[in-house]
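Worksheet for the structure shown next.
Please read all numbers here as calculations on a predicted model, not as lab measurements. In listed order, ligands and their atoms are each counted from 1.
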Amino acid sequence: MRALSDVGEVQFLDTTLRDGEQAPGVSLTPDDKADIARSLDAARIDVIEAGSACTGPGERETISRVAGLDLDSTVTSFCRGIQNDIDLALDCGVDGINLVVPASDKHVEQKVGTSKSENVDNTVELVEYAVDHGLWVEVIGEDGSRADLDYLEELLGAAVEAGADRICWADTVGHATPDRALECVSRLSDLGPVSTHTHDDLGLAVTNALVSIAAGADLVHGTINGIGERAGNVALEEVAIALDHGYGVESMALTEVYDLAQLIANRTGIPLAPNKAVVGENAFTHESGIHTDGTLKDDSMYEPYPPEKVGRERRLALGKHAGRAGVEAALDEHDVEVTDDQLSEIVSRVKEIGDRGKRVTDADLLTIADEVTDDARARRVELLGLTAVSGSDTPTASVRLSVDGEERKEAAVGSGPVDAAMNAAEVALSHTADATLEDYHVDAITGGTDALVTVEIEMSRGDDHVVVSASDSDITRASVRAMVDAMDRLVADDEEPLVADD
Ligand SMILES: CC(C)C(=O)C(=O)O
């Protein structure tokens with residue numbers, strides 16, 4: 001076993017487009033796969049497993065498209081131990097293949113229905129065939145963590161002798177303990193370059209990947225956000241940060257990690273848990289008074305590494321644990337000055353909202369500050385009316401706004417009534433200010449069809465950002481109210497009159 005700090009660099013194979021797509025409910029379009037592949041390449045992922053050519057003509061077209069993107073990453077197709085799979089991969093123009101052959105008794109005898117020696121012979125033939133056709137070849141012993149280790153060595157050793165570029169230890173069902181990972185990968189790394197493919201069924205995927213590297217593996221298979229079958233594959237961003245932060249070992253480009261995580265959550269429809277390491281919403285958010293106070297004194301007080309390292313920013317949130325320092329800093333961000341007594345009152349009102357189980361948005365904070373400083377703000381942008389229609393025809397909406405006392409009416413279409421109404425409000429406001437909708441989500445839907453819905457949106461204008469929420473039993477009304485409120489906040493201090501430019 002080697003010290004991880006002695007390992008200079010580790011390569012990554014990303015299988016988001018193959019094993020990740022095997023997560024229940026995920027189906028990526030050709031455009032999704034092409035966009036994700038480009039981003040993986042930009043993040044310096046060494047190998048991209050683009051899919052399984054044997055899946056069907058649609059998948060082959062997509063793999064061919066990824067293979068044709070002229071990426072720096074090596075593009076591969078997953079292939080079963082069947083020559084036709086290799087032929088289909090060749091038709092897609094990939095650089096290489098991940099050839100999967102059974103390794104455990106269960107997989108050799110029960111699943112594939114062959115004998116151990118025939119399995120070795122077949123693997124050798126297929127490797128020779130693929131190498132003869134100019135492919136980069138990695139041979140994966142499926143269910144390797146439950147295989148008889150002597151047999152796994154014989155099988156993968158034969159693959160190396162037949163010309164395979166590398167072999168891979170697969171903990172297919174996420175069954176291995178770190179000791180087992182160490183034992184298997186140490187033995188296999190005597191045969192040739194070894195990859196490791198770990199799953200998270202025991203919550204040990206990252207640990208097993210790190211142990212595998214210590215045991216000699218130099219390439220880690222995984223997915224972004226750890227998506228994949230069952231409990232998922234190892235999350236590459238977690239391996240990357242652990243290697244970098246813990247041992248100074250280089251792998252993928254860390255600054256790209258957050259955008260990649262968002263892209264993949266977006267396209268796969270698998271949201272990120274807020275507490276997810278590295279890329280979860282809360283990973284660099286501090287709410288409690290003690291932590292906020294400490295963070296304001298020294299950024300690194302409650303963070304292992306700076307958020308910028310993984311393409312993120314630090315956030316101070318307000319809620320029931322807020323303290324004076326955090327509230328003061330949040331008010332500062334909006335250039336609101338208060339006295340000590342006013343600050344105490346604002347802190348206690350913020351905590352009251354938090355005690356009711358709610359998040360305190362920027363708009364909440366500013367409303368409280370207005371009330372406490374007795375400086376009720378005159379609104380510049382107000383919602384006067386809203387009509388949204390949806391049915392079998394294109395959803396349409398119209399909004400009526402008051403902007404600095406002038407009434408503006410606009411109508412627009414959209415993919416649904418909310419989208420149409422937001423588009424109409426955007427058109428009505430765009431005369432005024434160049435604001436961008438950064439984030440939109442429906443926060444809480446409780447109970448039945450008449451339940452209260454909370455819409456939270458983030459908008460920006462130049463360097464200013466606000467987060468505003470609005471609750472209503474009508475999701476369209478809540479959305480437009482939040483947008484109009486955010487806009488009103490963003491232009492509050494603007495000296496210029498908000499005239500329409502026709
Ligand atoms: C590499 C393959 C077959 C796999 O996805 C696994 O073993 O989990």
Flag the pair Asp41 and Arg38 as a salt bridge only when some basic side-chain nitrogen lies within less than 4.0 angstrom of an acidic carboxylate oxygen.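 The answer is no: the pair does not qualify as a salt bridge.
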Is the shortest distance from a Lys or Arg side-chain nitrogen in Asp299 or Arg314 to a carboxylate oxygen in the other one below 4.0 Å?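 The answer is yes: the pair qualifies as a salt bridge.
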Review point. Does the side chain of Asn208 come under 3.5 Å of the side chain of Thr198 through a donor N or O and an acceptor N or O?
Key: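 Looking only at side-chain atoms, Thr198 and Asn208 do not form any donor-acceptor pair under 3.5 Å.
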- Message: Under a plain distance cut-off of 3.5 Å, with no hydrogens placed, do Glu142 and Thr172 share a side-chain donor-acceptor pair?
- Response: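 No pair is found: no donor N or O on one side chain lies under 3.5 Å from an acceptor on the other.
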For His199, which part has a heavy atom under 4.0 Å from ligand 1: side chain, backbone, both, or neither?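 The answer is the side chain.
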Q. How far does CG of Asp244 sit from OG of Ser251, to the nearest 0.5 angstrom?
A.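 OG of Ser251 is found 7.5 Å from CG of Asp244.
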Who's the nearest protein heavy-atom neighbour of [atom], and how far?
atom                   : value
atom 4 (C) of ligand 1 : His197 NE2, 3.4 Å
atom 5 (O) of ligand 1 : Asp19 OD2, 2.9 Å
atom 7 (O) of ligand 1 : Thr172 OG1, 2.5 Å
atom 2 (C) of ligand 1 : Arg18 NH2, 3.7 Å

Going by the side-chain contact (heavy atoms from CB on, under 4.5 Å) test, name the single residue among Val26, Thr223, Thr16, Thr268 that passes it with Glu21.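 Passing option: Val26.
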Which atoms of ligand 1 have any heavy atom of [X] under 4.0 Å away?
X      : result
Val100 : 3 (C)
Ile140 : 1 (C)
Ala170 : 7 (O)

